[in-house]
Protein chains: 2
Amino acid sequence: MQTQTTPTAPQSQPQASSQPQASSQPQASGRSLEHPRREAIRLEDVLHALSDPMRMRVVRTLAEEEETCELSCSVFDLPVSKSTTTHHFRVLRECGVIHQIYRGTAKMNALRRADLDALFPGLLDSVLAAAALQEGRLGGDRG
Amino acid sequence: MQTQTTPTAPQSQPQASSQPQASSQPQASGRSLEHPRREAIRLEDVLHALSDPMRMRVVRTLAEEEETCELSCSVFDLPVSKSTTTHHFRVLRECGVIHQIYRGTAKMNALRRADLDALFPGLLDSVLAAAALQEGRLGGDRG
DNA sequence: AGTGTAGTTTGACGATCGCCGTACTACGTC
DNA sequence: GACGTAGTACGGCGATCGTCAAACTACACT
């Protein structure tokens with residue numbers, strides 16, 4: 001738990017893999033990503049980020065798979081181009097909703113639940129519940 | 001309780017004041033406003049509406065003054081022009097966040113709390129709490 | 001009828017948004 | 001080194017957004 005940041009306490013230190021190990025999993029290395037500090041996360045930005053169906057879909061998937069801790073961008077398979085996918089993940093990161101790190105060629109994503117719950121208690125859960133309720137109500141599958 | 005709709009169960013019937021009465025308060029009359037039905041309210045539209053600081057400010061004021069039931073547009077005194085104010089209230093109404101009726105020259109506004117609570121339980125409260133928390137955190141007055 | 005108040009409508013503006021394709025970089029593997 | 005994979009950066013496109021000013025409508029009051 002030292003060469004990789006935990007999603008519950010993300011800090012954006014570059015931390016250029018000082019101890020190489022023969023683990024099967026590649027380490028976070030090379031490029032660094034900018035994340036807003038917890039105190040810099042703004043409610044209006046979070047609401048704006050979540051108001052896009054594509055990004056809501058990402059956040060819901062991340063929340064469902066929360067015990068997995070991290071998902072690569074590619075597992076989402078959004079019905080948009082690669083560059084648009086990059087754009088949406090960047091919006092989510094820059095507004096503080098998700099945490100991203102590079103791991104080999106992949107970029108892993110995790111919800112910043114601890115930060116969001118601390119700043120806006122209950123908000124994420126009620127949004128997720130609302131999204132699930134609405135999906136049931138409209139009967140559609142995530143569209 | 002028949003010539004005016006209640007904010008807790010708003011229906012958008014025109015209801016053109018069939019029984020005139022000498023009450024001190026002018027009745028809802030004349031122009032009618034379109035409101036989405038409860039089932040037509042979409043989470044993404046609500047989140048988008050709330051992601052604008054000006055509209056969030058309106059919703060928070062409406063929530064604080066909820067026992068008053070209705071507030072005219074003019075009491076808000078937003079730091080934007082009249083036409084922009086009209087625009088923001090229209091966005092809030094069309095996405096189902098507020099209910100509006102004409103009462104004389106004024107247009108009265110009320111939160112559609114019953115509808116929102118039914119569709120998205122806890123969402124409105126956690127958003128309002130988050131906004132209050134953030135205001136305290138940033139120390140600013142509603143900005 | 002005239003005046004004032006409250007809000008609307010229209011059209012415009014610059015900014016942002018969501019989306020794309022193309023060209024590119026970084027990494028792992030053969 | 002060559003190749004494939006994962007994701008980025010750069011522009012560009014049309015649509016939407018927040019904002020405004022100007023002209024307008026609806027109502028109340030004198």
Atom pair distance, as rounded to whole Å: CZ in B:R57 and C1' in D:dG18:
15 Å
In whole angstroms, how far is the P atom of C:dG7 from the CD1 atom of B:I98?
12 Å
Under a 4.0 Å threshold between the charged nitrogen and the carboxylate oxygen, would A:R93 count as salt-bridged to A:E34?
no
Looking at B:D125 and B:R113, does any basic side-chain N land under 4.0 Å from a carboxylate oxygen?
yes
In residues 79-94 of chain A, what residues come within less than 4.0 Å of DNA chain C, judged by heavy atoms?
A:V80, A:S81, A:S83, A:T84, A:H87, A:H88
Nearest-0.5 Å distance, CG of residue B:L47 to CG of residue B:L123:
6.0 Å
Is it the case that the side chains of A:T84 and A:S81 hold a donor-acceptor pair, with the cut-off being a distance below 3.5 Å and no angle test?
yes
Atom-pair distance (CG on B:L47; P on D:dC17), nearest Å:
15 Å
Nucleotide D:dG18, atom C1' - distance to NE2 of B:H48 in whole Å:
10 Å
Is a side-chain N or O of A:H35 found less than 3.5 angstrom from the main chain of A:Q100, in a donor-acceptor match?
yes
Any B:R55 side-chain nitrogen or oxygen under 4.0 Å from OP1 or OP2 of D:dG18:
yes
Give, for atom NE2 of A:H87 and atom CE of A:M54, the distance between the pair rounded to the nearest 0.5 Å.
10.5 Å
